[in-house]
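Take a look at the structure below.
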Amino acid sequence: MLYYSTNGQSASVSLKEAVIRGLAPDGGLFMPVSLPEIPASYFNSLNNKTLREISFYVVSAFLEDDIPRTVLSDIVDDALSFPIPLKEVEQGVSSLELYHGPTMAFKDVGARFMSRLMSYLYRNENKSLNVIVATSGDTGSAVASGFYDVEGINVFVLFPKSKVSPLQQKQITTWGGNIYPVEVNGSFDDCQKLAKQMLGDRELNGLLSLTSANSINIARLIPQSFYYFHAFARLENNTRNVVFSVPSGNLGNLTAGLMARAAGLPVHKFIASANINDVFPKFMETGQYKPFPSKQTISNAMDVGDPSNFVRINELMGSSLSNFRESIVSFSFSDQETSDAIQRVHAERDYIMDPHGAVAYLGLKKFLRENGPAVNGIFLETAHPAKFPETMNRIIDGFDDLPPQLQGVLNREEKFSSIGKDTPELKEYIMRVNQVS
Ligand SMILES: *Cc1c(COP(=O)(O)O)cnc(C)c1O
């Protein structure tokens, strides 16, 4: 299978090139030239299949031209080593809990799969692959955890000094081994700038192999389509229309869902649920895509003013607003509405949602009110509430959940390097780790 650039100015490339490059030379994002067609009969027999069985079937449909099936099977088993339960919260409203992985956010799925795929694609090269990633918190921990101990790969995680939560910092800095955390005396934007400078540095690229692991990589997107199939399989009565509500930031999760639907999964509608960063809901309403600087909210992983995967969705929709509206509805919610929903669902249903999942819950409820209740509604719960202790404590009195994954990390020792916003310093460090000069 070849991968083309959404900007249409670069030639199509192999899977390996798309994954190692991340971004196309013309600045576009890679998309598969065609999507697999999964036969309708497959969906009749899904109920007794496990997450891994379903994921293996779907990944084979996407990647078996490029990767042997035995390798795909190993990658799936290793990457999806945790459960993804579907829990009914109210009649017709279920939560897909994507947060049981090692860092307790759905980004574990994409990061674990990508790391193992990269390691396989890079297996015959004689140099290590150096992954450079800038983070404001969640991405860095998922990538560090996902790549830990993966052969032939070094990971440099750039995080801004004093600007990630103490828990997030622990999740980035306590790995050791092939994970090299770097504290940058600056902002997240400075980290991103440094990462871009490293990736574009001629001298460094001459000496070493460099790549990025951010969310635009197609290898993070493909595995995110698996859990839509899995969720469908877990429904008791999937003859009723199925709708998914997706808490959206960079729109990667939504893109993966739309790819699953294009490959044959019978989904009635997607609900793109946003916080007040409402570029996408506004686009759905007006047809105008107008990015703006992001605003801070309690669902901070969705504070995105110019969602990078919009161009991919536009491809899937053939740039037609009526196609967008046939497949997707989109709503935006305030922090107050989000907190109220968390409180209410906790009080009435004894179920605790995190702020991101709560935005998706609100989107689903609004859709059900407007379209009648005769559907199977699923909202994506993208992070464990315990990842946001300060916020959750303000909303629910006495909230003090601390699952073992997070407890474990708190007791481990932090190790990281510190640099200014200074390019030569980072470059030297990367060269030193790779033992070149
Ligand atoms: C990244 C993230 C999102 C947003 O997902 P996109 O694919 O960027 O739309 C939602 N919730 C959580 C917890 C996240 O970490």
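Side-chain atoms are counted along with the backbone in the values below, which use heavy atoms only and exclude waters and symmetry mates. Order of appearance sets the numbers: ligands from 1, and atoms from 1 within every ligand.
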Find all atoms of ligand 1 within a distance of less than 4.0 Å from any non-hydrogen atom belonging to [X], and give their numbers and elements.
X: Asp138; answer: 15 (O)
X: Ser248; answer: 9 (O)
X: Ala383; answer: 13 (C)
X: Met302; answer: 10 (C)

Return yes or no for this condition: an N or O of [X] is under 3.5 Å from an N or O of ligand 1.
X: Leu251; answer: yes
X: Gly252; answer: yes
X: Asn253; answer: yes

In the protein, what heavy atom is nearest to [atom], and what distance, to one decimal place, separates them?
atom: atom 5 (O) of ligand 1; result: Phe106 CZ, 3.6 Å
atom: atom 12 (C) of ligand 1; result: Thr382 OG1, 3.4 Å
atom: atom 8 (O) of ligand 1; result: Asn250 N, 2.8 Å

Polar side chain donor-acceptor pair, [X] to [Y], under 3.5 angstrom:
X: Gln168; Y: Ser141; result: no
X: Tyr3; Y: Ser12; result: no
X: Asn217; Y: Arg220; result: no
X: Ser81; Y: Arg112; result: yes

- prompt: Salt bridge check: are Lys87 and Glu381 linked by an N-O gap of less than 4.0 Å?
  reply: no
**Prompt:** Charged N to carboxylate O under 4.0 angstrom, Lys290 versus Glu285?
**Reply:**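 Salt bridge between Lys290 and Glu285, a charged N being under 4.0 Å from a carboxylate O: no.
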Item to complete: Determine the interplanar angle of the Tyr42 and Tyr57 rings, folded into 0 to 90°, and report it as parallel if under 30°, tilted if 30 to 60°, perpendicular if over 60°.
Response: parallel
For Pro247, state whether at least one heavy atom is located under 4.0 Å from any atom of ligand 1.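 Within the 4.0 Å threshold, so yes.
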Closest heavy-atom approach to atom 14 (C) of ligand 1 among His356, Lys387, Lys107, Gln224 is made by Lys107
Under the salt bridge (Lys or Arg N to Asp or Glu O under 4.0 Å) rule, what do Lys107 and Asp138 come out as? Steps first, then yes or no, please.
CA-CA 8 Å; Lys107 289 189 171 72; Asp138 269 349; 5.3 Å; no
